[in-house]
**Q** 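Pasting in a structure now, in structure tokens, and then I'll have a few things to ask.
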Amino acid sequence: MTSYFIAVISGDGIGPEVVAEGIKVLQAAGHHFEITFDFTEFEWGSDYYAKQGRMMPEDGLQALLPFDAIYFGAVGHTDIPDHVTLHGLLLPIRRSFDQYVCLRPNILYEGIQSPLRDRDAGSIDLVVVRENTEGEYTDMGGGIYHETPQEISIQTAVFTRHGTERIIRYAFELAQRRAGKRKVTSVTKSNAMRHSMVFWDRVFREVAMEYPEIQTDSLLVDAASMNLVRNPEAFDVIVASNLFGDILSDIAAQVTGSMGLAPSGNINPERRFPSAFEPVHGSAPDITGKGIANPMAAILSAAMMLDHLGEAQAAAEIRTAVETTLAQGRLLTPDLGGTASTSQVGDEIARLVG
Ligand code: GGG
């Protein structure tokens, strides 16, 4: 029997609803594969902020450090500005734990109708490798002359050789392991941003030379966005900066059917710190408490967590159960055209796994 200690931060909005289903499915998988999970819930997020004036305790990161992994729900609340919630919880975890890879896979599953015409199941199968600790999210900047006509605001994007090289190298290593097209597409905006993004393009070309068997492409972010809609089949691994990776992965989630199907892992590949797994979607205040949120992104994130923990068989079983549920089409949440509740979908996937 293998045991894992998992820190759970369900967070805001629909976070607790979808995380509960993820835990249900993990427990079913644990039962089947002789794995035990020791879940510790940290009630941090916007409710904590309302009481304490901060999103997590001062020693919160310290408290997370001993865990094997972090299972995260969502962050965001209508009463608190998004930059407060994001910078108070998610970003310190990603940065402090050097989770420099944000892995966001998107597959067009059988049973899912892409908003794009005539797309077959499996024809879209790509993964966005988003740089997760620097770039546009570095949090360097400031302002003066607040709320005057002379107001100045500056936000600096930081691209280091260390940070750029390691994320690009990760993308190539991933393309080597994937069964698909073995292609890495780098996305920048080097026509306009002639310092950092020309630098990124140069590092991409340098690293690419180490992987001659992998096809490469280099696109401007506007062209990449257009091609993700026009011809998403052409992509395999996409590597991009923090901001561009975030935007491109939302487009990829939509063309494969729903944000409710998009999982992610914030990964420290060296395993010096715990990695965090969460659905790509946010807190969705418009549907919070209605019991209709799609739990599949959270459940697929739990599968990514199992993969990271070395439990590939259990991870594969969960993915198969999600695929079966989608292909059967009986129990789908409203975002996929169904009428099932969050817990009905979770129950079905847990049943198929167990
Ligand atoms: N589960 C992901 C989540 O809650 N995301 C909230 C958000 O605003 N994320 C912004 C980002 O990841 O850049």
Side-chain angles (χ1 to χ4, degrees), residues 6-23 42-49 55-56 64 69-97 99-106 127-139 155 157-158 167 187 221 238 240-254 258-267 275-288 293-305 335 342:
I6 310 295
V8 178
I9 309 171
S10 300
D12 301 333
I14 61 168
E17 299 170 43
V18 296
V19 162
E21 302 311 313
I23 289 177
F42 292 90
E43 293 187 348
W44 301 341
S46 296
D47 289 346
Y48 187 91
Y49 183 90
M55 294 293 286
M56 65 172 159
L64 295 176
I70 302 163
Y71 189 39
F72 197 93
V75 70
H77 194 283
T78 45
D79 295 343
I80 309 172
D82 287 338
H83 65 270
V84 173
T85 54
L86 191 63
H87 281 268
L89 191 55
L90 267 182
L91 298 191
I93 294 173
R94 291 178 188 167
R95 259 199 303 266
S96 305
F97 292 162
Q99 295 167 350
Y100 63 88
V101 177
C102 182
L103 211 51
R104 295 183 162 188
N106 295 99
V127 56
V128 176
V129 176
R130 169 192 183 188
E131 200 294 316
N132 215 27
T133 51
E134 54 176 54
E136 305 86 345
Y137 278 47
T138 305
D139 198 26
Q155 178 113 30
V158 174
I167 195 68
V187 178
V221 67
I238 297 173
S241 67
N242 217 325
L243 178 64
F244 292 173
D246 190 37
I247 297 167
L248 293 171
S249 56
D250 275 19
I251 300 175
Q254 287 302 338
S258 171
M259 288 299 286
L261 293 173
S264 80
N266 302 285
I267 294 169
S275 295
F277 299 84
E278 57 174 331
V280 171
H281 65 70
S283 58
D286 53 329
I287 57 164
T288 298
N294 188 344
M296 287 176 170
I299 292 168
L300 290 167
S301 303
M304 289 179 76
M305 180 167 77
D335 58 307
T342 307

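Treat the numbers as computed from the prediction; the structure is a model and nothing was measured. Remember, it's 1-based here, ligands and their atoms both numbered in the order they're listed.
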**Q** Report the nearest protein non-hydrogen atom to atom 7 (C) of ligand 1: residue, atom name, distance rounded to 0.1 Å.
**A** L86 CD1, 3.8 Å

**Q** Under the side-chain contact (heavy atoms from CB on, under 4.5 Å) test against L103, which residue among V129, N132, N266 passes?
**A** V129

**Q** Verify side chain to side chain donor-acceptor pair (under 3.5 Å) between E131 and T133, making sure each step is shown before the conclusion.
**A** CA-CA 6 Å; E131 200 294 316; T133 51; 2.9 Å; yes

**Q** Would you call F72 a ligand 1 contact, heavy-atom distance under 4.0 Å?
**A** no

**Q** Under 3.5 Å between any N/O of R94 and any N/O of ligand 1: does that happen in this structure?
**A** yes

**Q** Judged by atom type as modelled, is there a donor-acceptor pair below 3.5 Å linking the side chain of S249 to the main-chain atoms of D246?
**A** yes

**Q** Against heavy atoms of Y137, which atoms of ligand 1 measure under 4.0 Å?
**A** 11 (C), 13 (O)

**Q** Counting from 1, what ligand 1 atoms have a heavy atom of A74 closer than 4.0 Å?
**A** 1 (N), 4 (O)

**Q** Tell me, please, whether Y137 has R94 positioned over its six-membered ring: NZ or CZ under 6.0 Å from the ring centre and within 45 degrees of its axis?
**A** no

**Q** Indicate yes or no for a side-chain donor-acceptor contact from S301 to the backbone of E278 under 3.5 Å, with no hydrogens or angles considered.
**A** yes

**Q** Is it the side chain (CB and beyond), the backbone, both or neither of R130 that lies under 4.0 Å from ligand 1, heavy atoms counted?
**A** side chain

**Q** Is the closest side-chain heavy-atom distance between Y49 and T85 below 4.5 Å?
**A** no

**Q** Counting from 1, what ligand 1 atoms have a heavy atom of D246 closer than 4.0 Å?
**A** 13 (O)

**Q** So if I count the atoms of ligand 1 from 1 in the order they appear, which ones are less than 4.0 Å from some heavy atom of E278?
**A** 1 (N), 2 (C), 3 (C)

**Q** Would you say C102 touches ligand 1, if touching means a heavy atom closer than 4.0 Å?
**A** no

**Q** At a 4.0 Å threshold, what atoms of ligand 1 neighbour a non-hydrogen atom of P279?
**A** 1 (N), 2 (C)

**Q** Should M55 and S46 count as side-chain neighbours, where that means a heavy-atom distance under 4.5 Å?
**A** yes

**Q** Would you say the side-chain atoms of E21 and T342 include a donor-acceptor pair closer than 3.5 Å?
**A** no

**Q** Which atoms of ligand 1 sit under 4.0 Å from any heavy atom of V280?
**A** 2 (C)

**Q** Is the contact between E136 and ligand 1 made by the side chain, the backbone, both, or neither, using heavy atoms and a 4.0 Å cut-off?
**A** neither

**Q** Are L64 and F42 close enough that some pair of their side-chain heavy atoms sits under 4.5 Å apart?
**A** yes

**Q** Does ligand 1 have any atom that is closer than 4.0 Å to a heavy atom of G282?
**A** yes

**Q** Students should be able to answer this: which protein heavy-atom is nearest to atom 3 (C) of ligand 1, and at what distance?
**A** H281 O, 3.5 Å

**Q** Are the side chain of D12 and the backbone of G76 linked by a donor-acceptor contact shorter than 3.5 Å?
**A** yes

**Q** List the closest protein heavy-atom neighbour of atom 5 (N) of ligand 1: residue, atom name, distance to the nearest 0.1 Å.
**A** L90 CD1, 3.8 Å

**Q** For atom 4 (O) of ligand 1, what is the closest protein heavy atom, and at what distance to 0.1 Å?
**A** V75 N, 2.9 Å

**Q** Say whether, by atom type as modelled, one donor and one acceptor occur between the side chain of N242 and the main chain of E134 under 3.5 angstrom.
**A** yes

**Q** Can D82 be said to touch ligand 1, with heavy atoms closer than 4.0 Å?
**A** no

